[in-house]
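Ligands are counted one by one from 1 in listed order, and the atoms in each one are counted from 1 as well. Nothing fancy with the numbering, it's 1 onward along the sequence.
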Amino acid sequence: MPAPMHGEMQPAISRFKLGGFEITPIIDSKVIRPGLTPSFGGEAQADEVEALAKANRIDADRYQHPFTPILVNTGKQLVLFDTGNGSLSAEHEQLKGRLPPGQLVARMAEAGYKPEDVDVVVITHGHPDHIGGLTKGGQQVFAKARYVFGAADYDFWQKGENVREARKFNRELYVKIMTPLAARATMIKPGDEVVPGITAVDAFGHSPGLLAFHIESEGKRLLNWADTANHYVVSIQRPDIHLDVDDDKDKAVASRKRILDMVASEGILAAGYHMPYPGFGYVERGQGGGFRWAPHSYQLNL
Ligand SMILES: [Zn+2]
């Protein structure tokens, strides 16, 4: 009897030490998207993006897009960065088939955590794939947590001025999910501390108030850039290329360049919500003002 085929199996949970902290990136879900073009660079830069894909041995016509919340246990508090897609696609007709169902809570259980263990939920920005897991059927999923929201992002989505057409439904969703949680939320700005060792960093652009987070324990440092750079080849080698889901494209480019430059100069570990799992890596300086992603191998395991 030949052995049965079991289908694909890929890691979705792992845990690392960062000084005295434990860091657990968890794949909430992932999706295969068609073509890097026109999402990255529009039709105008299709040839450049295709050449970039080819040079990096990836398919220009399909790409994998993971959604990776991160749990940080500081030893005193359990902090969750972003919440995945939750049941958004089941609850909203507009999102059917566009966002895979979130599996964060089930995978947290495999990693040893219950939703009520979470002390702080930090939302880097208000896009659906980051806020979708906050509530289920109108109920709060992380029932005992306090929330940390970016003040600028909260203001932007609440006011609803200058929301581009493609984000109109996102705005509705934001108001519906986030408004009832605001009473338990701390609104922060760049430079503010979430808990000792975790500080917000200005990454405005992809969303008007996107925050990155500097995480430090016993001299070990990690920059969780969330959605500052959303593809490990295109956004890093060519940070100048516009991405359709960046809300303020020029500001997104400026933030991307500044943060990549900082991570490269300081030689620190970076984490990105849409980077290939576990989403950790380093940034090297590349050609013509670009950079290169050097995925984490065993640096944190030593
Ligand atoms: Zn995202």
K.L.:
Please determine which of D129, L80, T83, I27 meets the side-chain contact (heavy atoms from CB on, under 4.5 Å) test together with P69.
P.N.:
L80
K.L.:
Give the C-alpha distance, both sets of side-chain angles, the deciding distance and a yes or no for side chain to side chain donor-acceptor pair (under 3.5 Å) between H206 and R256.
P.N.:
CA-CA 9 Å; H206 168 73; R256 196 147 54 230; over 6 Å; no
K.L.:
Taking the basic N atoms (NZ, or NE/NH1/NH2) and the acidic carboxylate oxygens, is any pair closer than 4.0 Å for D261 and R285?
P.N.:
yes
K.L.:
Relative to the Zn ion (ligand 1), how many protein N, O or S atoms have a separation of less than 2.8 Å?
P.N.:
4
K.L.:
Determine, for R107 against D28, whether the closest basic-nitrogen to carboxylate-oxygen distance falls under 4.0 angstrom.
P.N.:
no
K.L.:
Ring pair (Phe, Tyr, Trp, His ring centres under 6.0 Å) with F204: which residues, sequence neighbours excluded?
P.N.:
none
K.L.:
Carefully, step by step, assess D244 and S39 under the rule side chain to side chain donor-acceptor pair (under 3.5 Å).
P.N.:
CA-CA 5 Å; D244 58 355; S39 288; 3.2 Å; yes
